[in-house]
Every structure is written in structure tokens, then in C-alpha cells.
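See structure below.
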Amino acid sequence: MLHFRFSPVLKELSKATLKRPFPGCGQNTWLTTRSCCFGAASVDARAAQLKVFHAAAHRSALRTVPLSAPFRPYCTNTEGAAVELDEQLKKDGADSETTSDKRRNAGILPSLEDLLFYTVAEGQEKIPAHKFLSALKATGLRTGDPRLKECMETLKETLKKSSDGITLDRHLFKKCVQSNIVLLTQAFRKKFVIPDFQSFTSHIDELYESAKDLTGGQVADYIPQLAKFSPNLWAVSLCTVDGQRHTVGDTKVPFCLQSCVKPLKYAVAVHDHSTEYVHSFIGKEPSGLRFNKLFLNEEDKPHNPMVNAGAIVCTSLIKQSASTAEKFDYIMNFLKKMAGNEYVGFSNATFQSERESGDRNFAIGYYLKEKKCFPEGTDMTSVLDLYFQLCSIEVTCESASVMAATLANGGICPITGERVLSPEAVRNTLSLMHSCGMYDFSGQFAFHVGLPAKSGVSGGILLVVPNVMGIMCWSPPLDKLGNSVRGIQFCTDLVELFNFHNYDNLRHFTKKHDPRREGGDQRQQSFGPMDYESLQQELALKAPLWKKVSPTESHQDSSTTVVYRMDNVTE
């Protein structure tokens, strides 16, 4: 028989009727606890107490704002019992840490911060900061992740004030992580899209090394600035829809997007206008011809936005009444948001080279003007200037992988959480990348790789695995069709190993790895930001210092819940 110790406040609280919003439901849905009397052998009492525990745990776990911000409890009580509990703790002079300790000692489920500490500490009383940061890196998160800014700043300041400047005890650890506890909890519970991230990235490194040995291809030289890049440069970066990052190779070297910018500016055009408006000027079909041909479809429109003619017309649709400088700044702002505010620059030397060697594009521009392909009143030469400028925008593999991940994530940047593009714009962009994105190799690439991608003559391949990740491969040597030799090999090997192909059947392609699974099981849906009870209970199962006491069955709803308490012994 299980006995509980209750404070007078908790006794009063248990007798009251508590109401609180149920996380994840509409405003009219409420979870109500029933009043009951306490008894040592009363199952009803234990069930009611557990609900009180959960309500209190919610209030602790929902602290995702800075401590200086006003905290609004999520558990309210019309009879004042919940308020009385907080006031009683305040009368005792309890701060937020003491409050958490009193609730835990009273039998309440531990806070997420506590559970995360015990998970990382592995039985120790203190955690070395480097151990926490190493464990964080193993999940795929970076210390420079914008979502962890407050946590990292607090950690830095806390270590300065700690006794040894190296370790964190439980209270200091909780202070550091409380502002980003939900993200950190999901990371350590392996609830990101790639649960076993270290194993996955080891495969990525192997694919990188395999492609590195290739020596074929030629660096593009029709634009003088492109010819200056070393053929030995080779880099791969990836960013998942949960913000997990991995890079290998020359990932910090800036290079120009060139044609990789075409799907991005098309997405901006659709985002600003609509599918119908944009495609009243541009078609949707593969051309079957070289990307720089002076050729239109039977309706006298460019075939699609991924060839030069379509990209020039697409450029003319963005901010039509603005100056060229304003248009450029507008598109740059979009690209920076897609990249999570990571590096997006501009190469003026490449722009000048583009314009000086752009006779074919000028010919295409005049041809489009003759066929009245531009919106009325368009200045064709200004459009070409902007077209050359956009091709000369610089990125690194790392920043471009975040752009690709924004497309993979339906238009929401994974590392900032900001919606940059509409779902309609993303869907259209991925569709056209899939059918037209790889020059005259598009059909072969769709067949063998089966993923949306866009290549550029600078050697980049922007690859999107929808709902999973974005990848940027970059190596300057190109094949005869204008695609990166190493990049094509990497993409092909990636889909040979993992079931990322659009038509891989998970039941029958068992020979392929599914990195979205953990331990062979189907990956569970990511928990929503309000599912704190599930977060707490699952972490409690993994924390070595927390032991299961007894299952308690509630005859009110016939559900079984497990209660946890802190033991004073280590296992």
C-alpha cells in the first residue's frame, strides 16, 4: 500500500475543483479534476493527487520565457486553492528554485529541467559544461543556434560566477536551460527527424569521402571569375527541418549561387503574387533544350522558371514598381531569412563579369521583349542587370543548406522558426525543381535520385528532401551538362543508401536505411510544444536517479499512470 505525505496547502488544493486548458486543444476544451477526500488506501485520492501534480508540473515546465518576464500560471482555480499554494511558497521566501524543490519533495513530477540534468549527469552531482555541450552537439544542435541564444548566454555568464568556472550543479544547470527547455528536451529524447544523428552523419562523411576521389569535370570558365576556383574544393552541408546541422569539407568558402538562385526568386514571385499570375507569363514544362536557348513554347512563353528565359521573366515580376536597388535589397532580405540570417553576400566582380560576358542573355532579353513576354512597362535592361546581380549573390555551403531546409520545412526556417515563404510557393518551387532543376540531366536525376534539386555552373547543387532536410553540395568541376561531378555522385549515393527517393516504398525497399527510424521502429510524430506531461514522463524513465514507485489506476477513466519519486540512492 502506497502512502503519501501531504502539506496543508496540498490538502486544501486537492479538495478544490481545478480547471485548466488542456494543451493542444481548442479554447472551449477543458480538463477538470474532481474534488475528493484523502485516505491512505484511497485510489480516488491518489488519482486526484496525481492530477494536481501534473497541473503543478505544467506550471514549472511552461517557463519558456526569461525569468524577468511576468509568469502567468496555466493552472487556475475559482476557489483560490492554486493561488494559495503560490502565496504560501512566497511567504516562505521561496524563489523559483526552492519552489521547484518543494513541489518535487511533495511528490510532484520533477520539472523538465531536473530530468534533463539527471539524464546528462548520469549519477553525478555536477555536470562539466563541456560534457553538456558535447552531448548537445551529438543531437545535431549547434551552440550558435538562434533558438539557444539565451541558454548559451546564461551558461557563459553562469560559468564566470561559478566556483571553478567549469562545472554546473543542478541549480545552476536549471538556470541555464530553463529558457530553452522544450527544445533541449526534445533533442535529448531523440525526437528530432533524425533520431540517431551521429550514426547518420558518419554515413554522410563516408559518402563525401567517396565522391572526393573523383577527378573528372572542368571548372566553368565562360565567366572569368568562376574559373579562379580550385577544382579540389569540395563541401557538403545539411540542415534538417528540426535544425540539426552537419558539415564536411570546404563549407565556409563563399561561392556564387548562379542558377541555384532561380528556384528561390521564383518562390519569392509566387509568394508575392500567386501561381496563376506568375504562370500567366511563364510555363511549367521542361524545355528539352539547353538552358540558354532562344526558344519559347507554343504560347510564346518561356518553358519554365529554371531556364534563363524563364528566370529573366521571373525577375521582372518581383516588385515591379520599385527601383533595381530596392528590388535587389528586397530579394536579399528574403534570402537572408531563408538562410536563418547566416552568410548571404554579393560578389561585385562576378556581377561585372556576368554583365560583360552576357551577350546570350542580352539576346534572350531582346527576344523576350519582342514577343511581349514582360509585364507592361518593363525596362528590359534593368531587369537583366538585376538578373546578373542575383546570379552573383554569394553563400556558403552552410548558409545554403539552411535555405534548402526552409524549402524542406514548407517555407519555415528551421533555425529561426520564422515563416518566410507560403506553402503554395514552396510546393510549386519543389515541383519545378523536380522536373526542370538539373539542366538536361533533369529526367535522369528525377529517375535515379527522385528529389527536388537545382544546380548551378559555380558547382553547387541545392538538394531538398521534403519534410526531412536540405543539403548543399559544392564542387566547381562540372560535367558536360553543367552539373557538379562530385555533387551528382554524392546525391546518387545518398539515395542508394537511404530511402529518400520520392518513390521508395518503405515496406519493400528494406535494403535501404531509414534514418527517420530509431531502433527499427517507425519514427513517432514530434511532440507539440505543449505536450509537457509526455516529455516529463518519458525523460523520467531515462533519468537514473528517478525510480518508479507504483502504478495508480483511476476508476474515473480506467487509465493507468505511473508516479515517480526521487530516491536518495544511486543505481
Side-chain angles (χ1 to χ4, degrees), residues 24 61 64 112-113 115-116 119-120 132-152 177 179-205 236-248 340 342 398 401-419 463-472 494 497-500 506 513-543:
T64 57
L112 293 177
E113 294 93 334
L115 291 168
L116 185 58
T119 300
V120 179
F132 169 61
L133 296 178
S134 297
L136 183 66
K137 183 179 179 181
T139 69
L141 292 182
R142 289 183 170 181
T143 55
D145 192 308
R147 298 169 296 175
L148 295 175
K149 181 180 179 181
E150 190 171 353
C151 174
M152 293 300 113
V177 303
S179 57
N180 304 115
I181 187 59
V182 176
L183 177 65
L184 291 171
T185 301
Q186 291 199 338
F188 282 95
R189 290 172 64 241
K190 295 189 175 183
K191 288 302 176 183
F192 284 159
V193 66
I194 306 293
D196 192 353
F197 196 66
Q198 284 187 303
S199 174
F200 174 71
T201 54
S202 68
H203 288 298
I204 295 296
D205 291 346
V236 173
S237 289
L238 65 88
C239 175
T240 73
V241 294
D242 289 318
Q244 297 165 284
R245 309 288 297 275
H246 181 67
T247 64
V248 55
E342 295 190 1
E398 295 190 15
S401 69
V402 182
M403 293 178 176
T406 299
L407 294 175
N409 200 33
I412 298 175
C413 179
I415 65 172
T416 63
E418 179 182 5
R419 174 165 289 285
L463 182 72
V464 178
V465 185
N467 299 316
V468 181
M469 71 181 70
I471 300 175
M472 172 56 91
L494 180 76
L497 181 62
F498 299 111
N499 58 353
F500 288 156
L506 300 187
H513 296 282
D514 184 3
R516 292 159 286 193
R517 295 175 181 239
E518 181 182 6
D521 296 326
Q522 184 99 25
R523 177 193 174 236
Q524 300 178 12
Q525 291 290 332
S526 292
F527 280 66
M530 300 296 288
D531 197 359
Y532 298 103
E533 289 181 14
S534 298
L535 293 177
Q536 287 177 299
Q537 290 192 12
E538 184 159 335
L539 257 183
L541 287 170
K542 297 180 180 180

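Proximity of Leu494 to Leu463: side-chain heavy atoms (C-beta onward) are separated by under 4.5 Å at one or more points. Inter-residue side-chain proximity for Asn499 and Pro515 is flagged as met; some heavy-atom pair is nearer than 4.5 Å. Residues Ile204 and Ile471 form no side-chain contact, since every pair of their non-hydrogen atoms from C-beta on lies 4.5 Å or further apart. Looking only at side-chain heavy atoms (C-beta outward), Pro414 and Thr240 stay at 4.5 Å or farther from each other. By the 4.5 Å heavy-atom criterion applied to side chains, Leu148 and Leu184 are counted as neighbours. Side-chain contact between Gln244 and Thr201 is absent, with no heavy atoms from C-beta onward closer than 4.5 Å. Using a 4.5 Å cut-off on side-chain heavy atoms (C-beta onward), Arg245 and Glu398 make contact. No side-chain heavy atom of Arg142 sits under 4.5 Å from any side-chain heavy atom of Ile415.
For the atom pair Asn180 CG and Lys149 NZ, the distance stands at 11.5 Å (nearest 0.5 Å). Residue Leu112 holds its CG atom at 10.5 Å from CD of Gln186, rounded to the nearest 0.5 Å. Atom CG in Leu238 sits 6.5 Å away from atom NE2 in His246 (nearest 0.5 Å). Atoms CD and OG, on Glu342 and Ser237 in that order, are 9.0 Å from each other to the nearest 0.5 Å. To the nearest 0.5 Å, the span separating CG on Asp196 from CZ on Arg517 amounts to 14.5 Å.
Closest approach of Leu116 to Ile181, counting heavy atoms only: CD2-CD1, 3.8 Å. Annotation for Leu141 and Ala187: closest pair CD1-CB, 3.8 Å, computed over non-hydrogen atoms. Nearest heavy-atom pair across Ala404 and Gly470 is CB-CA, 3.5 Å. Summarising the geometry of Ser401 relative to Met472, their closest heavy-atom pair is N-CB, 4.0 Å, with the distance given to 0.1 Å. Taking all atoms of both residues into account, the shortest heavy-atom contact from Phe188 to Ala135 is CE2-CB, 3.5 Å. In terms of heavy atoms, Arg147 sits closest to Gly243 at NH2-CA, 3.4 Å.
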### Query
Run the side-chain contact (heavy atoms from CB on, under 4.5 Å) check on Leu133 and Met152 step by step: do they pass?
CA-CA 10 Å; Leu133 296 178; Met152 293 300 113; 4.0 Å; yes
#### Entry: CA sep, side-chain torsions, deciding dist, call: Met469, Val193, side-chain contact (heavy atoms from CB on, under 4.5 Å)
CA-CA 9 Å; Met469 71 181 70; Val193 66; over 6 Å; no
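The aromatic rings of Phe200 and Phe498 are tilted relative to each other, their planes meeting at an angle between 30° and 60°.
Sorted pairs that involve residues 403-417 and meet side-chain hydrogen bond (donor to acceptor under 3.5 Å, both in side chains), not counting sequence neighbours, are lacking altogether.
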